[in-house]
Amino acid sequence: MKKPKLIAYWICTVLIALFIGSGGLAQVLRLPQNVEGMTALGYPVHFIVLLGVWKVLGALTLLAPGLRLVKEWAYFGIFVDLSGAIVAAAANGGAAFHILAPAVLIGVLVASWALRPESRRWPVWS
């Protein structure tokens, strides 16, 4: 893998892990601002904590070596989370930022997935 592509992969991956992981940790810790925002969208507190745990695990999985199949699921789960955030914000009349921010993160997530080195890809059989 060429060095610029590898550098771009790690920048995208670390950004996603940072944003998703820190947001997940805030949900696990039930920080008031996170709980207020999520309950305003209609989510119960127990779901917020569960979602936070999965976000933290997904972020750690993207950074960990190996775990190729689990990484594929982590990418998918993070995509579902971010696209769900867009739909929930739009359906509840959220500010443009609450729609645009997850959309931008989806772009960074897709870039991380597309740029990942062979050692982090699930093998494809012909």
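Predicted model, so just to flag it, every value in this text is computed and none were measured.
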>> How long is the straight-line distance from CH2 of W122 back to CG of L67, given to the nearest 0.5 Å?
In response: 11.0 Å
> Can you hop from L57 to L50 via hydrophobic side chains spaced under 4.5 Å?
Replying inline: yes
> For the residue pair I99 and G94, what are the closest heavy atoms and their distance?
Replying inline: CD1-O, 4.3 Å
> Does L100 share a hydrophobic cluster with V108, counting links as ILVMFWY side-chain heavy atoms below 4.5 Å and allowing steps through other members?
Replying inline: no
> Any side-chain heavy atom of I48 within less than 4.5 Å of one from R30?
Replying inline: no
> Could you state the interatomic distance from CD (Q27) to CG (L51), rounded to the nearest 0.5 Å?
Replying inline: 5.0 Å
> Of W10, Y75, Y9, which is the lone residue that meets side-chain hydrogen bond (donor to acceptor under 3.5 Å, both in side chains) with S112?
Replying inline: Y75
>> Restricting to non-hydrogen atoms, name the atom on I106 and the atom on S83 that form the minimum distance, rounded to 0.1 Å.
In response: CD1-N, 3.8 Å
> Can you get from F19 to V110 by hopping between Ile, Leu, Val, Met, Phe, Trp and Tyr side chains that sit under 4.5 Å apart?
Replying inline: yes
> OG1 of T39 to CG of N34: how many Å apart, nearest 0.5 Å?
Replying inline: 10.5 Å
> What closest approach, in Å, do A111 and C12 show between heavy atoms, and which atom pair accounts for it?
Replying inline: CB-SG, 3.7 Å
>> Checking side chain to side chain contact (heavy atoms under 4.5 Å, CB included) between I20 and each of L82, L60, L62, V56, which is the one that passes?
In response: L82
> Got a second to check how far R121's CZ is from E72's CD, nearest 0.5 Å?
Replying inline: 8.5 Å
> Considering all heavy atoms of both residues, which atom of L63 and which atom of R120 are nearest to each other, and what is their separation?
Replying inline: O-NH2, 3.4 Å
> How many angstroms lie between atom CG of L105 and atom CD1 of I86, to the nearest 0.5 angstrom?
Replying inline: 9.0 Å
> How far apart are the closest heavy atoms of L115 and A8, and which atoms are they?
Replying inline: CD1-CB, 3.7 Å
> Which heavy atom in K71 sits nearest to a heavy atom in T61, and how many Å separate them?
Replying inline: NZ-O, 2.6 Å
> Got a second to check how far L6's CG is from I11's CD1, nearest 0.5 Å?
Replying inline: 10.0 Å
> Linking I/L/V/M/F/W/Y whenever any side-chain heavy atoms sit under 4.5 Å apart, do I7 and L15 land together?
Replying inline: yes
>> In terms of relative ring orientation, are F47 and Y43 parallel, tilted or perpendicular, with 30° and 60° separating the classes?
In response: parallel
>> Please tell me whether W54 and L25 are part of a single hydrophobic cluster in this structure, the criterion being side-chain heavy atoms less than 4.5 Å apart.
In response: no
